[in-house]
Amino acid sequence: MRFSAVAALLAATCSSAATGSVQKRDLATSEPHYPSPWMNPQASGWEDAYEKARAFVSQLTLMEKVNLTTGVGWEGEQCVGQVGSIPRLGLRSLCMQDSPLGVRFGDYVSAFSSGQTVAATFDRSLMYQRGKAMGEEHKGKGVNVVLGPVAGPLGRTPTGGRGWEGFSPDPYLTGVGMSETIKGIQDAGVIACAKHYIGNEQEHFRQVGESQDRGYNISETLSSNIDDKTMHELYLWPFVDAVRAGVGSVMCAYTQVNNSYSCQNSKTLNGLLKGELGFQGFVMSDWQAQHSGAASAMAGMDMSMPGDTVFNSGLSYWGTNLTVAILNGTVPEYRMDDMAMRIMAAFFKVGMTLDQPPINFDSWTSDTYGPLHAAVGQDYQQVNWHVDVQDDHGDLIREIGGASTVLLKNNGALPLSKPKFLAVVGEDAGPNPLGPNGCADRGCDAGTLAMGWGSGTTTFPYLVTPIDALNLQAIEDHTRIEAIFNNTASDTIESLVKQQDATALVFVNADSGEGYIDVDGNEGDRKNLTLWGNGDELIKSVSSLCNNTIVIIHSVGPTIVTDWYDSENVTAILWAGLPGQESGRSIVDVLYGRVNPAARTPFTWAADPSDYGTDVLYKPNNGNGAPQQDYTEGVFIDYRALDSRNITPIFEFGFGLSYTTFEYANLNVEKSNAGEYQPTTGESDEAPTFGNFSDSLADYVFPADSFPHIWQYIYPYVNTSSSLEEASADPDYGQTAEEFLPPGAVDSSPRPLEPAGPSLTAQPGGNELLFDTMYTITADVTNTGKIVGEEVPQLYVSLGGPDDPPVVLRGFDRMRIDPGQTTQFRAILTRRDLSNWDVTLQNWLVSEASKTVYVGPSSRKLPLSAQLR
Ligand code: NOJ
C-alpha cells in the first residue's frame, strides 16, 4: 500500500546494477528526458477522440483513473490482460489480447499467416486486409486492444526467436507492414498495439526469472545498446509509420535500452515516442516489464500490464501505489490525467463507445463454464460462448499463403502438371500426431509448421496440411502419390524416391518462438540456422537419389541452404513462410500454377551464419549484471551488412522468381517543388488537469460493504484511513518526483515542441515536412513471358554518404501484368526517404552526398538507375 520513493529513485537512475566484468562506468547510458510530454488534443486525426475523452475523463474520480491504467493481475479476468472497470459510467474492463496473427486462446477463430509471411507478398492491400480480418475477429470476441503488430524485433539477427511475428529486417518494409496492419485492425474498431518498443531483438535474457530458471545467473535483463543514429535510421523507423498510421497503443519491452528499462526509459518513451514522434495514444508495459512505480509513470508509461509486479504476487507498482503517489504528490496530477486521457482517446479514436459488448471467450479454459477469476479459481460462471468469428477469412488466408510463397529456384520443374508419381517426404508435409493445437502455445515442432511458438499464436480452427491438399489434387489428376512423414526412415524413403518417374517433394522446416518455451534446446531464439529434424541431410539424401527433387521450406526466417541448393537434382526451392491454417491449399496453388508466384524474400539467405555479422547473445557477458548487447554493426543488418562487406548471398533480400519473366525499362525521375526543411517551432499548451479528486484518505478505502475482495486482484484502493505518512512505511516518505528526477521534470508549463517533431496541428509521426514528396520515380515493366503474372518492382536509394549502406529499400509495388503488356511502376521519394539522422543537429538532414536511385526486381538486380539532382 505504500509507494517506495527509494525504489523508484534507484530504478530511475541505475536500472542496471553492474557487478560483473564490465564496470558500470563503461556501460552505455540513456540520457534523461523529462517532463513526459502530455496529450495534444489538436493533433491531426485525434481531435474528435480527445474531445470525447475529455468529456469522459472529466467525470472520473482518481480511483477510476487509476483503474483505467492498472491491470487486475495475471489471469485475473478472461483476457491476457484487463484493466479495472468503471461501472459507475458504464464502462466494462478493457480487454487486451494477443496475438499478431489471430485471437490467441480463442475458439472458432482463424489462424492467419505470420507477419513475416505477409511481408513476403510485398502487397499493401493483402497486409491491410489481413489486419482488418484479424481486427474483426478480435472485435467479435470482445477484445479492445489487439497486442500487435510487431516491429521489435525488427530482425537484427536471423536467430532471434520472434522475428517471424514481425515483418522484415528492412525498416521500410516493416514500416509498410505496420502501417497497413494497424489501419486494418483499427478500421475494424479495435485498438492496435505496436510492440515491442524498442530494441527487443532477442529472447535470451529478456526476463530475469526466465533466465534464472534456465541457470543463467543474472539480476537485470539484457541491455540493447543502440546509438542515436542507428536508433533513428533503423529501429525507430517502423514505429514512425505505426504512429503516423494512428496506432492507439505501444507496448514497451522487457529489455533495457542503453541500460535503462524500456518501460521507464524516459529517452525512448518521453523523448522519442511522445516528444519527437508526437504519439498521442498510450504506452502499456509488456507483461512484467514494469520495474518501478513513479519512475515508470514519469518516464511515460501509461498502463501497467498485467498489473501485478510479478504474476500473481498480489502486489502492484501502480494500483494502490499510484493512488498514493498522486495523493502524496510524488507523481503530479497532470501525469495521471494524461494517462487516462491517452487511453480513452485511443478507445474513442477507433470508434468504440462506452457500451462495449461483453467479452465472450476465456483465455484460461476452453470449457463453457469456469472461474471468472482464473488466478484464484473464483466466481464460477459461463466464461465461453464459443462465438464463431471466422467469417470467410479462410479464403484470404489461402490467398495470402499463395501470394507469400517465394519461388527461390526453378529449373523448369514447376509448375506441376498432372505429375505421374509424387513421392512426398518429410514430417513437415503431414499433421502433428497430437493435432494442430496439441502443444501448448504451439511449443513443439511436430508435423507441418504453420506458425512459431509463444504468445504470438492462436488456436487453429483446422490446419490443411500439405499432404491433405496434395492428395486431393492427385486424385483429380490420377497421380500416384505416397508420403513418408518420418525424416529418419532412410531405407523406406530411399526405396520410394529412387523409383522411376518420381517427383520428390521434400517438406522441411525451422521453428522458433518466445523465450518462455524451450523446444529442443532452442530457448526461444534458434541455436543455429540449420533445418530442423535433420532436414538438410534429408534433402541431400533424397536429391542424391531423385533427379527431380523439389524442396519446400516452412520457416521462421532464413536457413543455411549452402550445401544443397545448387545441386542440379534440386530442381526447385520454395519458401512458404508460416502460412497459417490454409498451408496445404496455398502451397498446392503455387506448385500447380494456379497461383503464379510473385513473393519476394523479406530477408537475406546468407551462405554462412557469420555473413550476417550479428548474432544473439547466448551467454551473459557482464557477470550477474545486465548482459550487454552492443549494436556495433549500426544500421548494417541483413542485406545492408552483406552489401557493405561485398559478401554474396545465396538469395538476396527482395529476390523471388515467377513462372513468367519481366523486363524493366524507361526510368524517369521527376523532381517536386518541396520547400526547405524547417525545424518545428512553437510550444505545447500547458498540461491540462481535470481535478475531481478528494484528498481525504477515507474516500479511498476499499469499500468492503459493496463487493467482496478478491485475493491477488489489483485494486486502486488503500486499506487504511490513517494518514498517508503513517500509512507509508517508506523512510523517505514525502519525497516528490521533483526530488528524484532532474530539475524541471514535473514542470507542466508550455514546452517547446521538438524540432524534429510534428507541429501542434499536424499528424503525429514527426516533423510533417519529412513527408513532403521530393521525387516521383516511374519505370516500365513488361511481362515478356507467356502467362499472366505479378511483379514486384523495387526502388532502392543510395544515400551516398561514407556511413551509408550501398542501397536501402524506399519503395515497391506489386503489379499484375498480362503477357506482352507493359505497366508503369510509380513510387515517390519523401524527404524522410532521403535523409540521415544528424546527431549534432538532432534532426533529419538531406546530406550533400550525391544520391542514386535504382529500380529492379531485387536488392541485387537493379537494371535501372539515375542520379537524383
Ligand atoms: C509477453 C509477450 O512479450 C507479449 O508480446 C505479449 O503480448 C504478452 N506476453 C501478453 O501475452
Side-chain angles (χ1 to χ4, degrees), residues 39-60 68-69 79 81-83 85-86 89-98 100 102-103 106 109-110 125 127-149 178-195 241-251 278-284 302-303 339-361 387 389 391 393 396 761 763-765:
M39 73 203 92
N40 168 20
Q42 299 175 61
S44 171
W46 289 82
E47 306 93 325
D48 287 354
Y50 266 108
E51 216 176 289
K52 290 181 183 145
R54 178 183 290 269
F56 180 74
V57 173
S58 308
Q59 305 172 58
L60 299 185
L68 269 184
T69 64
C79 301
Q82 280 184 234
V83 291
S85 57
I86 305 185
L89 298 173
L91 181 66
R92 70 144 165 82
S93 152
L94 301 181
C95 160
M96 331 291 151
Q97 192 69 11
D98 297 305
V103 184
V109 296
S110 304
S125 164
M127 295 177 192
Y128 173 84
Q129 289 176 55
R130 172 179 170 275
K132 180 99 185 294
M134 294 194 305
E136 284 163 3
E137 296 203 9
H138 277 92
K139 180 100 187 157
K141 290 284 183 184
V143 173
N144 300 99
V145 183
V146 178
L147 302 175
M178 292 296 281
S179 174
E180 296 300 330
T181 307
I182 288 163
K183 285 187 228 159
I185 291 173
Q186 298 198 158
D187 283 354
V190 277
I191 302 170
C193 179
K195 69 186 189 181
D241 294 295
V243 171
R244 264 184 85 76
V247 73
S249 68
V250 168
M251 186 189 290
F279 172 58
Q280 296 302 319
F282 63 97
V283 174
M284 77 167 79
D302 303 298
M303 183 187 278
M339 293 177 192
M341 283 288 281
R342 286 172 174 275
I343 293 166
M344 290 314 294
F347 176 93
F348 290 119
K349 185 171 197 300
V350 300
M352 288 194 282
T353 49
L354 296 180
D355 54 342
Q356 282 300 290
I359 299 158
N360 59 35
F361 73 106
V387 178
V389 293
D391 205 337
H393 298 154
L396 175 65
T761 53
Q763 182 185 353

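Numbers here simply count residues along the sequence, with the first being 1. Note that the coordinates shown come from a computational prediction; the quantities given were computed from them, not determined experimentally.
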Enquirer: How close do I359 and C79 get, heavy atom to heavy atom, and via which atoms?
Expert: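 Between these two residues, the closest heavy atoms are CG2-SG, 3.8 Å.
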Enquirer: Regarding D98 and K195, does a basic nitrogen lie under 4.0 Å from an acidic carboxylate oxygen?
Expert: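 The answer is yes: the pair qualifies as a salt bridge.
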Enquirer: May I ask you to test the V146-M96 pair for a side-chain heavy-atom distance under 4.5 Å?
Expert: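 V146 vs M96: side chains apart.
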Enquirer: May I ask you to test the V247-C193 pair for a side-chain heavy-atom distance under 4.5 Å?
Expert: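 The answer is no; the side chains never approach within 4.5 Å.
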Enquirer: If we ignore hydrogens and angles and just use 3.5 Å, is the side chain of Q59 paired with the main-chain N or O of L89 as donor and acceptor?
Expert: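 Looks like no, no N/O pair under 3.5 Å.
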Enquirer: Using a 3.5 Å cut-off and no angle test, enumerate the donor-acceptor pairs between side-chain atoms of residues 41-57 and protein atoms at least two apart in sequence or in another chain.
Expert:
{"unit_1": "E47", "atom_1": "OE1", "unit_2": "G45", "atom_2": "N", "d": "2.9"}
{"unit_1": "Y50", "atom_1": "OH", "unit_2": "Q280", "atom_2": "O", "d": "2.7"}

Enquirer: What do the steps show when you test M284 against L147 for side-chain contact (heavy atoms from CB on, under 4.5 Å), and what is the final call?
Expert: CA-CA 10 Å; M284 77 167 79; L147 302 175; 3.8 Å; yes
Enquirer: Is the shortest side-chain heavy-atom distance between L94 and V145 below 4.5 Å?
Expert: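 No, side chains not in contact.
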Enquirer: Decide side-chain contact (heavy atoms from CB on, under 4.5 Å) for L68 and M344; before the verdict, give the C-alpha distance in whole Å, the side-chain angles of both, and the deciding distance to 0.1 Å.
Expert: CA-CA 9 Å; L68 269 184; M344 290 314 294; 3.7 Å; yes
Enquirer: To the nearest 0.5 Å, what is the distance between CD (Q82) and OG (S93)?
Expert: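 Between atom CD of Q82 and atom OG of S93 there are 3.5 Å.
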Enquirer: Quick one: does I343's side chain get under 4.5 Å of T69's, heavy atoms only?
Expert: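 Sidechains of T69 and I343: in contact.
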Enquirer: Between L354 and F347, is there a side-chain heavy-atom distance shorter than 4.5 Å?
Expert: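 The answer is yes, as the side chains (C-beta and beyond) meet within the 4.5 Å cut-off.
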Enquirer: Mind listing the closest non-hydrogen atom pair of V190 and V143 along with its distance?
Expert: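 Scanning both residues completely, I find the closest heavy atoms to be CG1-O, 3.1 Å.
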Enquirer: With no hydrogens and no angle check, is any side-chain donor or acceptor of Q186 less than 3.5 Å from a backbone partner on A192?
Expert: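 Yes; at least one donor-acceptor contact below 3.5 Å.
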Enquirer: Could you give me the CA-CA distance, side-chain angles and deciding distance for V83 and M303, then say whether side-chain contact (heavy atoms from CB on, under 4.5 Å) is met?
Expert: CA-CA 8 Å; V83 291; M303 183 187 278; 3.9 Å; yes
Enquirer: Can a side-chain donor-acceptor contact be found between H393 and E137 if the only test is distance below 3.5 angstrom?
Expert: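 Result is yes, a qualifying pair exists.
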Enquirer: Given the rule in the side-chain contact (heavy atoms from CB on, under 4.5 Å) test, do M352 and I191 qualify, once you have shown the distances and angles that lead to the verdict?
Expert: CA-CA 9 Å; M352 288 194 282; I191 302 170; 3.6 Å; yes
Enquirer: Heavy atoms only: give me the nearest V103-K141 pair and the separation to one decimal.
Expert: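 Heavy-atom minimum between the residues: CG1-CG, 4.3 Å.
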Enquirer: Between E136 and K139, does any NZ, NE, NH1 or NH2 come within less than 4.0 Å of an OD or OE carboxylate oxygen?
Expert: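 Not counted as a salt bridge, because no side-chain N and carboxylate O are separated by less than 4.0 Å.
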Enquirer: Do D241 and I182 have side-chain heavy atoms sitting under 4.5 Å apart?
Expert: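 Side-chain contact under 4.5 Å: no.
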Enquirer: Rounded to the nearest 0.5 Å, what's the gap from CE on M39 to CE on M341? Could you check?
Expert: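 M39 CE to M341 CE: 4.5 Å, rounded to 0.5 Å.
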Enquirer: Nearest 0.5 angstrom please: D391 CG to S110 OG, how far?
Expert: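 Atom-to-atom, D391:CG and S110:OG are 8.5 Å apart.
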Enquirer: R342: what forms a salt bridge (Lys or Arg N to Asp or Glu O under 4.0 Å) with it, not counting sequence neighbours?
Expert: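 If we apply the salt bridge (Lys or Arg N to Asp or Glu O under 4.0 Å) test to R342, skipping adjacent residues, the hits are D338.
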Enquirer: Over all heavy atoms of both residues, which pair between D302 and G281 is shortest? Give the atoms and the distance, please.
Expert: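 It is OD2-O, 4.2 Å.
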Enquirer: On a heavy-atom basis, which atom in G106 and which in F361 lie closest, and how many Å separate them?
Expert: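 It is CA-CD1, 4.4 Å.
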Enquirer: Taking the side chain as every heavy atom from C-beta outward, state whether S179 and Y128 have any pair of such atoms under 4.5 Å apart.
Expert: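 Sidechains of Y128 and S179: no contact.
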Enquirer: Below 4.5 Å, heavy atoms only, C-beta onward: do M178 and V243 meet side chain to side chain?
Expert: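 They are not in side-chain contact.
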